[in-house]
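Accompanying notes for the structure given below.
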Amino acid sequence: SATSTYGNFGYIFGQTSYEGTTLVSQRYKSSSSSTDSYYIPSNLEEVVIAPKGEYNIPMYAFSGLGLVEKITLSGNITEIGEYAFQNCRDLVSVNVPQSVKTIYKRAFVGCEMLDDGFKFDADSTLVEIKENAFDGSKIAEIVIPASVKKIGNYCFANSALNKMFSLMP
(Lines give C-alpha, C1' and ligand atoms only; values in the text may rest on other atoms or scores of the structure.)
Protein backbone atom coordinates (compact mmCIF):
# COMPACT_ATOMS: atom_id res chain seq x y z
CA SER A 1 0.00 0.00 0.00
CA ALA A 2 1.06 3.58 -0.59
CA THR A 3 2.77 5.51 2.14
CA SER A 4 -0.25 7.50 3.26
CA THR A 5 1.01 9.27 6.35
CA TYR A 6 0.99 13.00 5.90
CA GLY A 7 4.22 14.33 7.25
CA ASN A 8 5.69 17.69 6.62
CA PHE A 9 9.42 17.94 7.11
CA GLY A 10 9.29 21.70 7.63
CA TYR A 11 7.53 21.36 10.96
CA ILE A 12 10.67 20.17 12.70
CA PHE A 13 11.94 23.74 12.42
CA GLY A 14 8.86 25.23 14.09
CA GLN A 15 5.95 27.43 13.16
CA THR A 16 7.31 30.79 14.26
CA SER A 17 9.37 33.10 12.09
CA TYR A 18 12.90 33.64 13.23
CA GLU A 19 15.97 35.34 11.82
CA GLY A 20 17.60 33.57 8.89
CA THR A 21 14.51 31.67 7.76
CA THR A 22 12.34 31.43 4.67
CA LEU A 23 8.57 31.07 4.67
CA VAL A 24 7.27 27.95 2.88
CA SER A 25 3.56 27.53 2.14
CA GLN A 26 1.90 24.46 0.66
CA ARG A 27 -1.30 22.48 0.26
CA TYR A 28 -1.43 18.79 1.09
CA LYS A 29 -3.96 17.91 -1.59
CA SER A 30 -4.83 19.69 -4.81
CA SER A 31 -8.50 19.62 -3.78
CA SER A 32 -7.77 21.35 -0.49
CA SER A 33 -8.20 25.11 -0.21
CA SER A 34 -6.25 25.40 3.03
CA THR A 35 -2.50 25.88 3.12
CA ASP A 36 0.08 25.24 5.78
CA SER A 37 2.99 27.58 6.35
CA TYR A 38 6.23 27.07 8.21
CA TYR A 39 9.73 28.48 8.29
CA ILE A 40 12.94 26.69 7.38
CA PRO A 41 16.55 27.86 7.62
CA SER A 42 17.36 29.98 4.55
CA ASN A 43 20.69 28.24 4.08
CA LEU A 44 19.25 24.69 4.05
CA GLU A 45 20.76 23.15 0.91
CA GLU A 46 21.27 19.51 1.80
CA VAL A 47 19.17 16.93 3.64
CA VAL A 48 20.40 13.50 4.72
CA ILE A 49 17.90 10.78 5.66
CA ALA A 50 19.61 7.84 7.31
CA PRO A 51 17.11 5.89 9.45
CA LYS A 52 18.28 3.13 11.77
CA GLY A 53 15.35 0.87 10.94
CA GLU A 54 12.95 0.42 8.05
CA TYR A 55 11.50 3.76 6.95
CA ASN A 56 9.05 5.05 4.35
CA ILE A 57 9.35 8.67 3.29
CA PRO A 58 5.80 9.95 3.81
CA MET A 59 3.54 11.77 1.38
CA TYR A 60 4.43 15.45 0.92
CA ALA A 61 7.39 15.10 3.31
CA PHE A 62 9.62 17.64 1.53
CA SER A 63 7.04 19.19 -0.78
CA GLY A 64 7.84 22.77 -1.68
CA LEU A 65 11.32 22.96 -0.11
CA GLY A 66 12.68 24.93 -3.03
CA LEU A 67 16.03 25.68 -1.40
CA VAL A 68 17.23 22.09 -1.03
CA GLU A 69 19.78 21.09 -3.69
CA LYS A 70 20.86 17.65 -2.52
CA ILE A 71 18.99 14.75 -0.90
CA THR A 72 21.06 11.87 0.43
CA LEU A 73 19.07 8.74 1.22
CA SER A 74 20.66 5.79 2.98
CA GLY A 75 19.73 2.99 5.33
CA ASN A 76 16.61 0.90 4.95
CA ILE A 77 14.24 3.28 3.13
CA THR A 78 11.66 1.14 1.33
CA GLU A 79 9.24 3.68 -0.18
CA ILE A 80 9.29 7.25 -1.43
CA GLY A 81 5.76 8.54 -0.87
CA GLU A 82 3.43 10.44 -3.17
CA TYR A 83 4.52 14.05 -3.78
CA ALA A 84 7.41 13.52 -1.32
CA PHE A 85 9.74 15.95 -3.13
CA GLN A 86 7.14 17.84 -5.17
CA ASN A 87 8.29 21.30 -6.30
CA CYS A 88 11.75 21.06 -4.76
CA ARG A 89 12.75 23.39 -7.57
CA ASP A 90 16.48 23.64 -6.77
CA LEU A 91 16.98 19.90 -6.25
CA VAL A 92 19.83 18.65 -8.47
CA SER A 93 21.09 15.55 -6.67
CA VAL A 94 19.24 12.50 -5.33
CA ASN A 95 20.53 9.00 -4.75
CA VAL A 96 18.00 6.18 -4.38
CA PRO A 97 19.37 3.46 -2.11
CA GLN A 98 19.25 -0.24 -2.87
CA SER A 99 16.41 -0.82 -0.37
CA VAL A 100 13.76 1.34 -2.10
CA LYS A 101 11.04 -0.86 -3.62
CA THR A 102 8.52 1.76 -4.78
CA ILE A 103 8.60 5.38 -5.90
CA TYR A 104 5.02 6.60 -5.66
CA LYS A 105 3.17 8.93 -8.01
CA ARG A 106 4.43 12.44 -8.49
CA ALA A 107 7.25 11.89 -5.97
CA PHE A 108 9.56 14.25 -7.90
CA VAL A 109 6.99 16.25 -9.91
CA GLY A 110 8.04 19.84 -10.52
CA CYS A 111 11.71 19.26 -9.64
CA GLU A 112 12.75 21.56 -12.46
CA MET A 113 16.52 21.30 -11.90
CA LEU A 114 16.69 17.53 -11.28
CA ASP A 115 18.80 16.05 -14.07
CA ASP A 116 21.81 13.74 -14.27
CA GLY A 117 22.25 14.00 -10.50
CA PHE A 118 19.46 11.46 -10.03
CA LYS A 119 20.92 7.97 -9.50
CA PHE A 120 19.81 4.50 -8.42
CA ASP A 121 22.24 2.31 -6.47
CA ALA A 122 23.84 -0.32 -8.70
CA ASP A 123 22.28 -3.18 -6.69
CA SER A 124 18.82 -1.57 -6.59
CA THR A 125 15.80 -3.71 -5.72
CA LEU A 126 13.30 -1.14 -7.02
CA VAL A 127 10.12 -2.82 -8.29
CA GLU A 128 7.83 0.00 -9.39
CA ILE A 129 7.88 3.66 -10.39
CA LYS A 130 4.34 5.07 -10.30
CA GLU A 131 2.71 7.53 -12.70
CA ASN A 132 4.12 11.04 -13.21
CA ALA A 133 6.97 10.34 -10.79
CA PHE A 134 9.41 12.61 -12.66
CA ASP A 135 6.97 14.88 -14.47
CA GLY A 136 8.66 18.19 -15.26
CA SER A 137 12.22 17.14 -14.39
CA LYS A 138 15.31 17.80 -16.49
CA ILE A 139 16.39 14.16 -16.42
CA ALA A 140 17.69 13.53 -19.94
CA GLU A 141 19.19 10.07 -19.38
CA ILE A 142 18.32 7.43 -16.83
CA VAL A 143 19.34 3.84 -16.15
CA ILE A 144 16.37 1.83 -14.89
CA PRO A 145 17.35 -1.01 -12.52
CA ALA A 146 16.78 -4.56 -13.80
CA SER A 147 14.48 -5.23 -10.83
CA VAL A 148 11.81 -2.75 -12.07
CA LYS A 149 8.64 -4.55 -13.15
CA LYS A 150 6.38 -1.57 -13.81
CA ILE A 151 6.74 2.06 -14.85
CA GLY A 152 3.57 4.12 -14.53
CA ASN A 153 1.89 6.23 -17.18
CA TYR A 154 3.43 9.62 -17.89
CA CYS A 155 6.32 8.83 -15.56
CA PHE A 156 8.62 11.20 -17.45
CA ALA A 157 5.99 13.56 -18.93
CA ASN A 158 7.23 17.09 -19.59
CA SER A 159 10.79 16.00 -18.79
CA ALA A 160 13.94 16.26 -20.87
CA LEU A 161 14.25 12.46 -21.16
CA ASN A 162 15.81 11.38 -24.44
CA LYS A 163 17.63 8.17 -23.39
CA MET A 164 16.41 5.41 -21.12
CA PHE A 165 18.43 2.31 -20.43
CA SER A 166 17.19 -0.76 -18.66
CA LEU A 167 19.59 -3.17 -17.04
CA MET A 168 18.72 -6.73 -17.93
CA PRO A 169 18.44 -9.27 -15.08
Side-chain angles (χ1 to χ4, degrees), residues 1-10 24 26-31 44-51 55-169:
S1 70
T3 300
S4 60
T5 305
Y6 290 99
N8 191 295
F9 181 75
V24 175
Q26 70 182 106
R27 287 186 295 178
Y28 280 120
K29 293 183 178 182
S30 58
S31 62
L44 180 66
E45 294 178 357
E46 182 175 357
V47 173
V48 176
I49 303 171
Y55 182 71
N56 297 328
I57 297 174
M59 296 172 76
Y60 299 95
F62 294 86
S63 179
L65 292 184
L67 304 169
V68 175
E69 295 177 6
K70 182 177 182 179
I71 302 287
T72 302
L73 306 175
S74 64
N76 194 13
I77 296 170
T78 58
E79 297 178 349
I80 298 175
E82 294 179 13
Y83 300 92
F85 298 98
Q86 168 190 333
N87 295 329
C88 289
R89 300 196 190 287
D90 290 341
L91 186 60
V92 295
S93 178
V94 176
N95 72 294
V96 178
Q98 167 274 331
S99 57
V100 172
K101 303 279 190 235
T102 307
I103 297 175
Y104 281 91
K105 73 178 186 177
R106 300 183 184 271
F108 295 94
V109 70
C111 294
E112 298 170 350
M113 301 303 291
L114 187 59
D115 58 13
D116 296 340
F118 185 89
K119 305 282 185 218
F120 294 104
D121 276 358
D123 56 349
S124 176
T125 58
L126 185 69
V127 174
E128 184 172 9
I129 305 171
K130 302 275 187 170
E131 61 271 6
N132 295 91
F134 299 97
D135 192 340
S137 73
K138 285 191 176 178
I139 295 174
E141 260 183 47
I142 193 163
V143 176
I144 303 294
S147 55
V148 172
K149 304 289 185 235
K150 184 175 180 185
I151 297 175
N153 294 335
Y154 309 106
C155 188
F156 295 96
N158 304 304
S159 72
L161 188 69
N162 59 33
K163 289 184 182 177
M164 181 186 297
F165 301 95
S166 179
L167 299 175
M168 300 307 286

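Scope of the values below: all heavy atoms of this structure, side chains included, with no hydrogens, waters or symmetry mates. This one's a predicted model, so the numbers in the text were calculated from it and none came from an experiment. When a residue number appears, it is its place in the shown sequence, counting from 1.
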N76: what forms a side chain to side chain contact (heavy atoms under 4.5 Å, CB included) with it, not counting sequence neighbours?
E54, T78, S99
Rounded distance (nearest 0.5 Å) linking atom CG of N153 with atom CG of N132:
8.0 Å
Does anything in residues 125-149 form a ring-ring contact (aromatic ring centres under 6.0 Å, His included)? List the pairs, not counting sequence neighbours.
F108-F134, F118-F134, F134-F156
Between the main-chain N or O of S124 and the side-chain N or O of S147, is there a donor-acceptor pair closer than 3.5 Å?
yes
Which value, rounded to the nearest 0.5 Å, describes the distance between E69 atom CD and I71 atom CD1?
10.5 Å
Applying salt bridge (Lys or Arg N to Asp or Glu O under 4.0 Å) as the test, list every pair that has at least one member in residues 93-119; sequence neighbours left out.
R89-E112
For T72, give me all partners under side-chain hydrogen bond (donor to acceptor under 3.5 Å, both in side chains), at least two apart in sequence or on another chain.
none
Taking all non-hydrogen atoms of both residues, which atom of E46 and which atom of V48 are closest, and how far apart?
OE2-CG2, 4.1 Å
When rounded to the nearest 0.5 angstrom, what distance separates CD1 in I103 from CD1 in I80?
4.5 Å
With sequence neighbours excluded, residues passing side-chain hydrogen bond (donor to acceptor under 3.5 Å, both in side chains) with N158
D135
Spacing of K149 atom NZ and L126 atom CG [to the nearest 0.5 Å]
10.5 Å
N/O donor-acceptor pair under 3.5 Å between S159 side chain and S137 backbone:
no
Partners passing side chain to side chain contact (heavy atoms under 4.5 Å, CB included) against K163 (at least two apart in sequence or in another chain)
E141, F165
Distance, nearest 0.5 Å, that separates CG of N162 from CD1 of I139:
11.5 Å
